[in-house]
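Notes follow the structure.
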Amino acid sequence: PATNDVQNRGGVNMMRGIDVSNWQAGIDLRSLDIDFVICKATEGDYFVDSECDKVLQDAIELGLCWGFYHFAGGTDAVAEANWFIENCKNYFGHGIPVLDYENDNGVEWCEKWIKEVHSRTGVWPIIYMSASRCSEFAASWIPEKCGLWIAGYPMGYTYWPDSKIPYNISPWTFAAIWQFTSNLQLTQYNGALDGDYAYMSVDGWNRYATSDGTASDIVKKKATSQTVREVFEGKYGDGETRKDAIENFGYDYNEV
C-alpha cells in the first residue's frame with residue numbers, strides 16, 4: 001500500500017508498530033497508537049534484556065501483536081540459538097521470533113542459528129537486516145524459509161510515511177516488515193522510537209509466529225480469489241497505488 005488511505009489498520013492490509021529494548025525502559029504501550037511491538041530478548045550467549053518480559057506482557061494484555069528478537073553476537077551460532085530458546089521458551093508459538101543480524105558473522109552463521117531454532121521450536125524465525133545486505137543471501141535457502149524484516153531510512157521520517165518500500169530486497173520477493181526510521185515521534189512518548197510497517201494482517205502475524213510453513217507459503221495461503229474480493233472492496237486503492245499494494249504483498253498483479 002502506498003497511501004495511508006489504503007493501510008486499513010487493524011484489517012487485512014497493514015499494521016503500524018515499533019521495536020524497543022532496554023534503551024526504552026519504562027515505555028507505556030497503553031499511551032501509544034500502535035498495532036504491534038517487537039522487543040529485544042537476548043544477545044550473544046550472555047545477555048537477557050531486563051525490559052523484554054514487561055513489554056511483552058503489556059502487549060499481550062493490550063491485545064497487540066508482538067515479537068521478540070535475538071541480537072547476533074560474535075560467538076558460536078548454535079550456542080546463541082540455544083541461549084535465545086532457553087530464555088524465551090514461553091514466547092515461541094505466540095509471538096514472532098527474530099534474528100537481528102547486524103554484525104559480520106556471515107550467512108553460514110545465520111543458517112546454523114536459524115536451523116537450530118527451527119529444529120527445537122518448529123518455527124521459522126524472520127531475519128532482520130539492513131536493506132543493503134539482502135544480496136548477501138542470494139545463494140542461501142534462508143529467503144525461502146524465513147520472512148524478511150528490513151531496515152532502511154530513505155528520509156528522516158518522524159511519522160508514518162508512504163509505505164512503498166524503495167529498496168531492492170532480492171533474493172526476497174517481499175518484506176514482512178520495514179523499519180523505516182529510528183526517529184519516530186509519537187504522542188505521549190518523550191523521545192525517538194524505531195518505526196515499522198508490517199505488511200500483513202493479524203492473521204498473517206499469527207501465522208509467522210506459529211507456522212512451520214515457509215515464508216512464501218504464509219503469504220500465499222490466501223487464495224487469489226480472496227484478494228480479488230478485497231480489491232473490489234477497495235482495500236488496495238486503485239491505479240498505481242493498487243498495483244504497488246498487490247505486489248508488495250507478494251501477489252501476481254496481472255493474475256489478480
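The first residue of the sequence shown is numbered 1, and numbering continues consecutively from there. When reading the values below, keep in mind they use all heavy atoms of this one structure, side chains included, and skip hydrogens, waters and symmetry mates. Fair warning: this is a prediction, and the values are worked out from it, not measured in the lab.
Here the side chains of Thr187 and Leu32 are not in contact, with every heavy-atom distance at 4.5 Å or above. A heavy-atom distance below 4.5 Å is not found between the side chains of Val98 and Ile127. Contact annotation: the side chain of Leu148 approaches that of Met129 to within less than 4.5 Å [non-hydrogen atoms, C-beta and beyond]. When side chains are defined from C-beta on, Pro125 counts as touching Ile114, because their heavy atoms get closer than 4.5 Å. Contact of the Ser140 side chain with the Val107 side chain is registered, since non-hydrogen atoms from C-beta on lie closer than 4.5 Å. Side-chain contact between Asp33 and Gln188: absent, with no pair of heavy atoms (C-beta onward) separated by less than 4.5 Å. Looking at heavy atoms from C-beta onward, Asp194 lies out of side-chain contact with Ile18 at the 4.5 angstrom threshold. Using a 4.5 Å heavy-atom cutoff, the side chains of Tyr199 and Ser163 are in contact.
Separating the CG atom in Asn206 from the CD1 atom in Ile96 is a distance of 8.0 Å, to the nearest 0.5 Å. The distance from the CG atom of Asn105 to the OG1 atom of Thr75 is 8.0 Å, given to the nearest 0.5 Å. Distance check, rounded to the nearest 0.5 Å: CH2 of Trp124 to CD of Glu144 gives 10.0 Å. Distance check: Leu193 CG to Gln185 CD gives 7.5 Å after rounding to the nearest 0.5 Å. Note that CD of Glu116 and CG of Asn82 are 4.5 Å apart. Values are rounded to the nearest 0.5 Å. The CD1 atom of Ile34 lies 10.0 Å from the CG atom of Asp196; values are rounded to the nearest 0.5 Å.
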Quiz item: What's the verdict on salt bridge (Lys or Arg N to Asp or Glu O under 4.0 Å) for Glu111 and Lys145, showing C-alpha distance, side-chain angles and the deciding distance?
Solution: CA-CA 10 Å; Glu111 290 179 338; Lys145 295 294 186 182; over 6 Å; no

Quiz prompt | CA sep, side-chain torsions, deciding dist, call: Asp35, Val202, side-chain contact (heavy atoms from CB on, under 4.5 Å) | solution = CA-CA 9 Å; Asp35 305 308; Val202 173; over 6 Å; no

Quiz item: side-chain contact (heavy atoms from CB on, under 4.5 Å) between Asp100 and Glu102: does it pass, once the steps are laid out?
Solution: CA-CA 6 Å; Asp100 183 340; Glu102 300 185 41; 2.6 Å; yes

Quiz prompt | Evaluation steps, side-chain contact (heavy atoms from CB on, under 4.5 Å), between Ile169 and Ile150 | solution = CA-CA 8 Å; Ile169 59 173; Ile150 65 161; 3.9 Å; yes

Quiz item: Would Leu184 and Thr158 count as a side-chain contact (heavy atoms from CB on, under 4.5 Å) if you check the C-alpha gap in whole Å, the side-chain angles of each, and the deciding distance to 0.1 Å?
Solution: CA-CA 4 Å; Leu184 184 67; Thr158 60; over 6 Å; no

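Partners of Tyr128 under the ring-ring contact (aromatic ring centres under 6.0 Å, His included) rule, at least two apart in sequence or in another chain, are Trp149.
Both Val20 and Ile60 are members of a single hydrophobic cluster when ILVMFWY side chains are connected at heavy-atom separations under 4.5 Å. Note on Tyr167: it clusters hydrophobically with Ile142, by side-chain heavy-atom contacts below 4.5 Å among ILVMFWY residues. Leu186 and Tyr157 fall within a single hydrophobic cluster, where Ile, Leu, Val, Met, Phe, Trp and Tyr side chains are chained together by heavy-atom contacts under 4.5 Å. Under the 4.5 Å side-chain heavy-atom criterion for ILVMFWY residues, a single connected hydrophobic cluster contains both Tyr189 and Phe180. Placement of Tyr46 and Ile85 in two distinct hydrophobic clusters is found when ILVMFWY residues are connected by side-chain heavy-atom separations under 4.5 Å, directly or transitively.
When all heavy atoms of Ala79 and Asp45 are compared, the pair lying nearest together is O-CB, 4.5 Å. Across all non-hydrogen atoms, the minimal contact from Leu56 to Cys39 is CD2-CB, 4.0 Å. When every heavy atom of Trp83 is checked against every heavy atom of Asn87, the shortest pair comes out as O-ND2, 2.8 Å. Smallest separation of non-hydrogen atoms from Trp178 and Lys164: CZ3-O, 3.9 Å. Phe137 and Pro171 get closest at one heavy-atom pair: O-CG, 3.5 Å. Looking at every heavy atom in both residues, Ala41 comes nearest to Cys88 through CB-SG, 3.6 Å.
A ring-centre distance under 6.0 Å is not found for Trp113 and Tyr101. Under the 6.0 Å cut-off for aromatic ring centres, Phe92 and Phe84 qualify, their centroids lying closer than that.
A donor-acceptor pair under 3.5 Å is absent between the side-chain atoms of Ser170 and the main chain of Trp172, judged by distance alone. In this structure, Ser130 contributes its side chain and Arg133 its backbone to no donor-acceptor pair below 3.5 Å.
Counting non-hydrogen atoms of other residues, nucleotides and ligands closer than 6.0 Å to CH2 of Trp23 gives a total of 12 or fewer.
Trp205 and Phe36 have tilted rings, their planes meeting at an angle from 30° to 60° on a 0 to 90° scale.
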Between side-chain atoms of residues 63-72 and protein atoms elsewhere (two or more places apart, or another chain), which donor-acceptor pairs fall under 3.5 Å?
unit_1, atom_1, unit_2, atom_2, d
His70, ND1, Thr42, OG1, 2.6
His70, NE2, Glu80, OE1, 2.8

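A donor-acceptor contact closer than 3.5 angstrom links the side chains of Gln179 and Tyr153.
Salt-bridge check for Lys54 with Glu51: failed, with every basic side-chain N at 4.0 Å or more from each acidic carboxylate O. Using a 4.0 Å cut-off between a side-chain N of Lys or Arg and a carboxylate O of Asp or Glu, Asp28 and Arg30 qualify as a salt bridge.
The cationic group of Arg16 does not satisfy the cation-pi geometry with Tyr197, failing either the under 6.0 Å distance to the six-membered ring centre or the 45° limit from the ring axis.
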